[in-house]
Amino acid sequence: SEALFHRALDAGITTFDCANVYAGGRSEELLGRFAGPHRDDLVLTTKAYFPTGQGPNDRGSSRLHLIRAVEASLKRLQTDHLDVMLLNTCDLETLQLGEALEALSKAQQAGKVRFPGYSGDNQAIQFAIAHDNVFAIECLVHQYGRDFVGELQLIFFQFTVLESLGEVRPTPISENVVAAGRVTTH
């Protein structure tokens, strides 16, 4: 995996996306080890929400879980800040409570997260896009069909240009409307 990381750097890739649950946190550990001397030239993105343990505060979008998730990701990635921290898939009602986004905002104010964001595929994404403290969006759109994808891309274009919102494509080539039918993931 280290050779692949360096091939990616040589190809000009500088953004690396992971989550605290990928391989039980091991993906963050490896990325942190590989990124070390290149850290200032990279954008490190991670996500939190899914269970990382058996306890009631080891999952979800509670303030406590997200604060712990930020701290644990910082340690595994061996860095003093996360460039992008995404709240991974929660429902609209949870986002509207404000606790989750407030936790990420506080991490931003403390200098631990540069850009809080949201990763999801449900109605909550529209709420997240309009929220003042959400600076990055990650969305899988393939499941909604081509018409919706085109509409969503237009919405993202408007928000990225007008609101300086960043968009993260988890699988940018295979799920891009322009590439559809030309690129296969098999």
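- When every heavy atom of V134 is checked against every heavy atom of A128, the shortest pair comes out as CB-O, 3.2 Å.
- In this structure a side-chain-to-backbone donor-acceptor pair under 3.5 Å is present from K47 to C18.
- Using a 4.5 Å cut-off on side-chain heavy atoms (C-beta onward), F135 and Q108 make contact.
- The two residues A136 and V84 make their nearest non-hydrogen contact at CB-CG1, 3.8 Å.
- Between F16 and F5, the distance from one ring center to the other falls under 6.0 angstrom.
- Listed here is the closest heavy atom pair of M85 and L82: SD-CD1, 3.9 Å.
- A salt bridge does not link K75 to E28: none of the charged nitrogens lies less than 4.0 Å from a carboxylate oxygen.
- Looking at every heavy atom in both residues, A48 comes nearest to A69 through CB-CB, 3.5 Å.
- Under a 3.5 Å cut-off, the side chain of R39 and the backbone N or O of L42 do form a donor-acceptor pair.
- With rounding to the nearest 0.5 angstrom, the CG atom of L9 is 10.0 Å from the CG atom of L4.
- Under a hydrophobic-cluster definition in which Ile, Leu, Val, Met, Phe, Trp and Tyr are linked whenever side-chain heavy atoms come within less than 4.5 Å, directly or via other members, L95 and L64 are assigned to different clusters.
- A salt bridge links R26 with E29: at least one charged nitrogen is closer than 4.0 Å to a carboxylate oxygen.
- Side chain to side chain, S62 and E99 fail the donor-acceptor criterion of an N or O pair below 3.5 Å.
- In this structure the side chain of R76 never reaches within 4.5 angstrom of the side chain of R33, judged on heavy atoms.
- With Y118 contributing its side chain and L101 its backbone, the two residues share no donor-acceptor pair below 3.5 Å.
- In this structure, N20 contributes its side chain and S73 its backbone to no donor-acceptor pair below 3.5 Å.
- Note on L44: it clusters hydrophobically with I13, by side-chain heavy-atom contacts below 4.5 Å among ILVMFWY residues.
- Within the 4.5 Å cutoff, the side chain of D41 has no heavy atoms near those of the T14 side chain.
- Annotation: side chain of L87 is in contact with side chain of L104 (closest heavy-atom distance under 4.5 Å).
- Rounded to the nearest 0.5 Å, atoms CG (L97) and SG (C90) are 9.0 Å apart.
- Both L92 and L66 are members of a single hydrophobic cluster when ILVMFWY side chains are connected at heavy-atom separations under 4.5 Å.
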